[in-house]
Amino acid sequence: MDTTLPFFQRVYTLVKRVPVGYVTTYGEIAKAMGTKDARRVGHALHANTDATTVPCHRVVFSDGRLASGYVFGGPDEQKNRLELEGITFISSNKVDLSAQLYHFV
DNA sequence: CAAGTGACAATAA
DNA sequence: TTTATTGCCACTT
């Protein structure tokens, strides 16, 4: 079942490009691909759900908030994961994008 | 093939 | 400030 379209692979590659201690947003990824639809990026990540293949926990909303409902063990688990990566949280579920938002070169 | 749904983002009120 | 609506485009049914 090679339903894995190159588009999805593209998203995975971009997310994997994000270094530890940094985060990115769906909008940034979408723009980096030349599109405006951040939803597709979200779908691509949801289709994977494998943090070992793609660190989806580093991808957050444009507001810096974590994705809703993607939780793979609990919302607390996701936040804890980012903290271990070195991400600084401004609020309970909000990261400091102004300081740690990775910009695709 | 057509309609509905959605791990979002931007704008309006 | 928060909540609601619209737009975007792939994926599912």
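In what follows, every chain begins at residue 1, and chains take the letters A, B, ... in the order their sequences are listed.
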S.K.: Going by side-chain hydrogen bond (donor to acceptor under 3.5 Å, both in side chains), name the residues that satisfy it together with A/Thr13, two or more places apart in sequence or in a different chain.
M.R.: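 For A/Thr13 there are no side-chain hydrogen bond (donor to acceptor under 3.5 Å, both in side chains) partners, ignoring immediate neighbours.
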
S.K.: Using a 4.5 Å cut-off on heavy atoms from C-beta on, say whether the side chain of A/Val60 contacts that of A/Arg65.
M.R.: no

S.K.: Enumerate the residues from residues 95-105 of chain A whose closest heavy atom to DNA chain B is under 4.0 Å, giving them by residue number; use none for an empty result.
M.R.: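 Under 4.0 Å from DNA chain B: no residue of residues 95-105 of chain A.
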
S.K.: Quick one: what's the B/S/- string for nucleotides 8-13 of chain B, heavy-atom cutoff under 4.0 Å, read 5' to 3'?
M.R.: BSS---

S.K.: So do A/Asp96 and A/Phe89 actually touch side chain to side chain, heavy atoms under 4.5 Å?
M.R.: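 No - every pair of side-chain heavy atoms lies 4.5 Å or more apart.
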
S.K.: About how many Å separate CD of A/Gln9 and CG of A/Leu14, when rounded to the nearest 0.5 Å?
M.R.: 10.5 Å

S.K.: Less than 4.5 Å apart, side chain to side chain, heavy atoms only: is that true for A/Val95 and A/Ile90?
M.R.: no

S.K.: Could you state the interatomic distance from CG (A/Leu66) to OG (A/Ser92), rounded to the nearest 0.5 Å?
M.R.: 10.0 Å

S.K.: For the pair A/Glu83 and A/Lys79, find out whether any cationic side-chain nitrogen is under 4.0 Å from an anionic carboxylate oxygen.
M.R.: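 Here A/Glu83 pairs with A/Lys79 in a salt bridge, since their nearest N and O are under 4.0 Å apart.
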
S.K.: For residues 18-32 of chain A, dump all side-chain donor-acceptor pairs below 3.5 Å to protein atoms at least two apart in sequence or in another chain.
M.R.:
from, atom 1, to, atom 2, distance (Å)
A/Thr25, OG1, A/Glu28, N, 3.2

S.K.: With 3.5 Å as the limit, what N/O pairs link the protein to nucleotides 1-4 of chain C?
M.R.:
none

S.K.: Roughly, in whole Å, what's the span from CZ in A/Phe8 to P in B/dA7?
M.R.: 12 Å

S.K.: Can you name the side-chain hydrogen bond (donor to acceptor under 3.5 Å, both in side chains) partners of A/Thr88, sequence neighbours left out?
M.R.: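 side-chain hydrogen bond (donor to acceptor under 3.5 Å, both in side chains) list for A/Thr88, sorted by chain: A/Gln100.
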
S.K.: Is there side-chain contact between A/Asn48 and A/Tyr12, with at least one heavy-atom pair below 4.5 Å?
M.R.: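 Counting from C-beta outward, A/Asn48 and A/Tyr12 do come under 4.5 Å.
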
